[in-house]
Every structure is written in structure tokens, then in C-alpha cells.
Participant: 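Have a look at this one before I ask anything.
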Amino acid sequence: MDEGGRKGRSGWGTFRDVRSLLTGSSAHLVQLGINALELLPPADSDDQSEWGYGTANFFAADFDLGLSQQDQEESTLAASTDLMDVIEDCRQQGIRFFLDVVMAFARNNALRHVNFADFLCIGRLGDGVILSRAIAMDLGGICLSLIIGWRVTIPLPASAIVLYRLVNTSSFT
Amino acid sequence: MWVDLFKRKQTHFVLWRVALGRDIPCLYIGEMGQDFEEILLRRSPEFPDLWEVAALECGLVEGRVYHYWFKVQSSCPYGYGRIVYCTDPVAYAVNRQVLDPVGGEPASVILYRRGLLVACDPQGQVVGEVEERGDRFLHLLIICLLIIGW
């Protein structure tokens with residue numbers, strides 16, 4: 001086995017950082033008066049400091065967003081429990097939690113090894129492109145398809161909050 | 001008859017729809033700081049597409065956190081036929097500080113407790129359940145779309 005060498009830090013948008021916006025004196029999300037919260041895809045990805053796309057493990061919370069450093073030596077690895085705490089905080093505050101699952105940009109999913117032909121297909125290759133994978137689910141099971149697409153990296157603002165005001169959202173119950 | 005993969009996953013390590021190569025897929029499992037071992041998966045007699053091994057047959061110790069991969073022959077065109085250790089495609093948690101012996105895939109993580117495979121974080125924190133609650137009907141929904149990893 002190899003040590004991945006990933007180190008924890010806080011203040012860059014971990015699940016615990018999100019919690020700090022929901023509770024206590026800095027509960028800014030609550031003060032804004034929102035009643036629903038949608039995080040960008042919180043599932044596990046190879047990427048660090050990205051938007052959460054390029055999911056590798058759809059059923060696991062993002063490892064890096066649960067990684068926080070307590071001191072020089074020890075890190076806390078708590079992605080699953082931290083994400084669940086975010087959801088529980090939302091419920092305590094009367095805020096609905098929306099899960100964002102983006103299957104169109106999966107990357108390095110283990111199924112590419114397990115059974116490529118069943119779950120993936122190959123798109124076109126060209127200069128300047130890297131692999132991305134589109135995954136679609138149907139009622140009968142899971143169908144993954146592989147496409148080749150341009151990788152677009154958008155610079156992140158220090159803190160980006162987008163508010164949507166949806167009127168007459170009768171479909172949300 | 002349904003496989004009910006996620007119910008079965010409570011008692012078995014399961015791998016669905018393996019593209020068979022020359023070798024039988026196996027579970028590569030162990031505790032951190034100790035030796036890992038390979039345990040062959042078996043094809044389910046009920047579901048030919050399902051490979052599995054019961055947790056009870058793996059010699060796991062009560063209350064311990066295990067890291068594991070599935071060792072398979074890769075069906076990926078980019079490296080077809082090579083032996084790889086892949087993360088459980090339906091892992092509930094992964095540890096990216098622990099990578100597989102050859103390829104850099106993160107470890108899948110699970111806790112063994114009272115004969116069951118329980119979702120947990122790498123340091124053993126068990127994921128609780130959020131109680132189902134009927135939310136009131138909202139005519140006005142104000143959503144905050146929050147970027148994480150800012």
C-alpha cells in the first residue's frame with residue numbers, strides 16, 4: 001500500500017466549514033433566510049479543491065471534504081459523519097437538503113476495471129482532451145457510458161454563494 | 001428475484017458483473033498496519049452475475065475497521081488484462097491516504113460489527129441515520145447553491 005499523502009486543512013469549504021455557516025454566531029446561511037441548501041456534488045472525487053465534479057465513488061462522501069487537521073501530526077478523517085452532521089444541522093434549522101449527483105462527469109470509477117464493456121463506451125479522442133465519463137441510470141440497473149470531453153477548470157471565488165428564488169415550486173413537497 | 005445488492009452488502013463483500021478474465025476475482029483486505037490477505041470471491045449460485053464472499057468467512061475481528069479492494073483483471077481498454085486492485089464500486093467510504101499496492105486506487109473502508117459490515121469513516125466513526133420527517137409544504141423555496149471546496 002501507498003500513503004496518499006493528502007493533508008487536512010480547514011477554511012476551504014470542508015463539510016465542517018459548511019456546518020459553521022449553519023450554526024452558532026456565524027450562521028450566515030440561516031441569517032440569509034434560505035430554506036433549502038444544495039451543495040455541489042459531495043460524492044468522492046479524485047480532485048482536490050475543485051467543484052465536486054469528476055466523481056469516482058458515488059456512494060461515498062468526498063474524502064477531502066472530511067479531512068481536517070487537528071495538529072501537526074493527526075488528521076481527522078470523517079467525510080461520511082461530517083456530511084451527515086451537515087444534513088442534521090439543516091434539519092434542525094428547518095432547511096431542506098438537496099443532494100446533487102452528477103453522473104455525466106464521472107472519472108476513475110472502479111467499474112472501468114470491473115466491466116468496461118457493460119458500463120462504459122468510448123467516445124472520440126483528440127488533442128487537448130481528457131477522459132470524462134457520462135453515467136446514466138435507468139430503472140433496470142446502472143448503465144454507464146464513457147464520453148470524451150473538454151476539461152474546463154473554472155477559477156473558484158473565495159466564497160461563492162448563489163441564491164435562487166423559486167416561486168410556486170409546487171413540485172417540491 | 002432481485003439481488004438486493006445493498007441489503008446483501010450488509011453481510012457479504014459483493015462485486016457485480018465482473019468481466020471474467022483468466023483469474024477469479026478476490027477480496028484484498030486487512031487492518032491498517034497489519035498484513036493484508038487475499039480471499040477468493042465465489043460466484044453466487046442464485047445470481048450468476050454476482051461474486052461474493054460472506055463477511056463471516058473472512059476471519060474479521062469484532063469492532064475493527066478494515067480497508068479493502070477487489071483484485072480483478074482489468075477490462076479497461078487502457079491496460080486491458082492487467083491485474084488491478086479496484087475500490088469497491090459501491091463503497092460507503094474511502095480512504096485516500098491509503099492507496100492500493102500497484103495503481104493508486106483509494107481503499108474502501110468498512111467496520112465489522114456483530115456479524116455485519118457497517119458503514120464507517122476510516123477512523124471508525126459510524127455513520128448515523130437521519131430520522132425521516134415529513135416536511136411541510138413550501139410554496140416559496142429559497143435555495144442556496146453552495147460550492148464546497150471553495
Side-chain angles (χ1 to χ4, degrees), chain A residues 1-4 6 12-13 18 29 32-40 42 44 49-52 57 59-61 63-66 76-81 84 87-88 91 96 98 109-118 122 156 158-169 172-173, chain B residues 15-19 25 32 36 67 70 72-80 84 86-101 104-109 119-123 125-131 133 135 137-150:
Chain A
M1 288 168 298
D2 180 26
E3 294 292 329
R6 297 194 176 212
W12 65 284
V18 175
L29 293 180
L32 281 170
I34 64 164
N35 58 16
L37 174 67
E38 175 186 340
L39 301 182
L40 262 62
D44 182 69
S49 301
E50 296 277 354
W51 280 22
N57 299 290
F59 296 93
F63 177 80
D64 295 310
L65 296 177
T76 301
L77 316 177
S80 305
T81 41
M84 291 297 278
I87 296 169
E88 185 56 35
R91 297 175 71 87
R96 293 183 185 184
F98 282 68
N109 186 284
L111 290 173
R112 74 191 189 282
H113 293 306
V114 175
N115 194 327
F116 190 96
D118 268 15
I122 301 176
L156 285 176
S159 174
I161 298 175
V162 181
L163 287 173
Y164 289 104
R165 184 180 291 267
L166 303 178
V167 182
N168 296 324
T169 53
F172 295 98
T173 56
Chain B
L15 189 57
W16 182 50
R17 292 194 70 76
V18 179
M32 289 304 301
F36 279 56
H67 288 63
F70 290 116
V72 300
Q73 200 172 9
S74 178
S75 62
C76 181
Y78 314 103
Y80 185 86
V84 296
C86 64
T87 311
D88 183 350
V90 289
Y92 290 134
V94 299
N95 187 349
R96 290 186 174 276
Q97 289 184 337
V98 181
L99 305 179
D100 79 84
E105 299 277 325
S108 326
V109 177
C120 76
D121 278 317
Q123 292 164 326
Q125 312 94 309
V126 175
V127 179
E129 293 184 4
V130 175
E131 185 183 347
R133 192 173 64 189
D135 285 319
F137 183 85
L138 294 175
H139 289 283
L140 180 64
L141 198 63
I142 307 172
I143 301 178
C144 171
L145 176 59
L146 182 63
I147 295 168
I148 39 182
W150 56 68

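This one's a predicted model, so the numbers in the text were calculated from it and none came from an experiment.
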Participant: Tell me, with the steps shown, if Leu145(B) and Leu40(A) meet side-chain contact (heavy atoms from CB on, under 4.5 Å).
Facilitator: CA-CA 7 Å; Leu145(B) 176 59; Leu40(A) 262 62; 3.6 Å; yes
Participant: Roughly how far, to the nearest 0.5 Å, is the SG atom of Cys86(B) from the CG atom of Asn109(A)?
Facilitator: 9.5 Å
Participant: For the backbone of Leu141(B) and the side chain of Asn35(A), can you confirm whether one donor and one acceptor N or O come within less than 3.5 Å of each other?
Facilitator: no
Participant: Heavy atoms, side chains only, cut-off 4.5 Å: are Pro89(B) and Val114(A) in contact?
Facilitator: yes
Participant: Is the closest side-chain heavy-atom distance between Gln97(B) and Phe63(A) below 4.5 Å?
Facilitator: yes
Participant: Below 4.5 Å from any heavy atom of chain A, which atoms of Val126(B) appear? Answer side chain, backbone, both or neither.
Facilitator: backbone
Participant: Side chain, backbone, both or neither: which part of Asn95(B) has a non-hydrogen atom closer than 4.5 Å to chain A?
Facilitator: both
Participant: Can you tell me if Gln125(B) uses its side chain to pair, donor with acceptor, with the backbone of Leu77(A) under 3.5 Å?
Facilitator: yes
Participant: Quick one: CG on Asn115(A) to CZ on Arg17(B), what's the gap to the nearest 0.5 Å?
Facilitator: 6.0 Å
Participant: Any side-chain to backbone donor/acceptor pair from Ser75(B) onto Phe116(A)? Under 3.5 Å, distance only.
Facilitator: yes
Participant: Counting only non-hydrogen atoms closer than 4.5 Å, does Gln123(B) touch chain A with its backbone (N, CA, C, O), its side chain (CB onward), both, or neither?
Facilitator: both
Participant: Which atoms of Ala91(B) are under 4.5 Å from chain A, going by heavy atoms: the side chain, the backbone, both sets, or neither?
Facilitator: backbone
Participant: Would you say Asn57(A)'s side chain and Val94(B)'s backbone share a donor-acceptor pair under 3.5 angstrom?
Facilitator: no
Participant: Taking atom CG of Leu29(A) and atom CG of Leu146(B), what is their separation to the nearest 0.5 Å?
Facilitator: 6.0 Å
Participant: Counting only non-hydrogen atoms closer than 4.5 Å, does Ala78(A) touch chain B with its backbone (N, CA, C, O), its side chain (CB onward), both, or neither?
Facilitator: both
Participant: Please name the pair of heavy atoms, one in Arg112(A) and one in Ser74(B), separated by the smallest distance, quoted to 0.1 Å.
Facilitator: O-OG, 4.5 Å
Participant: Mind listing the closest non-hydrogen atom pair of Ser80(A) and Asp121(B) along with its distance?
Facilitator: N-OD1, 2.9 Å
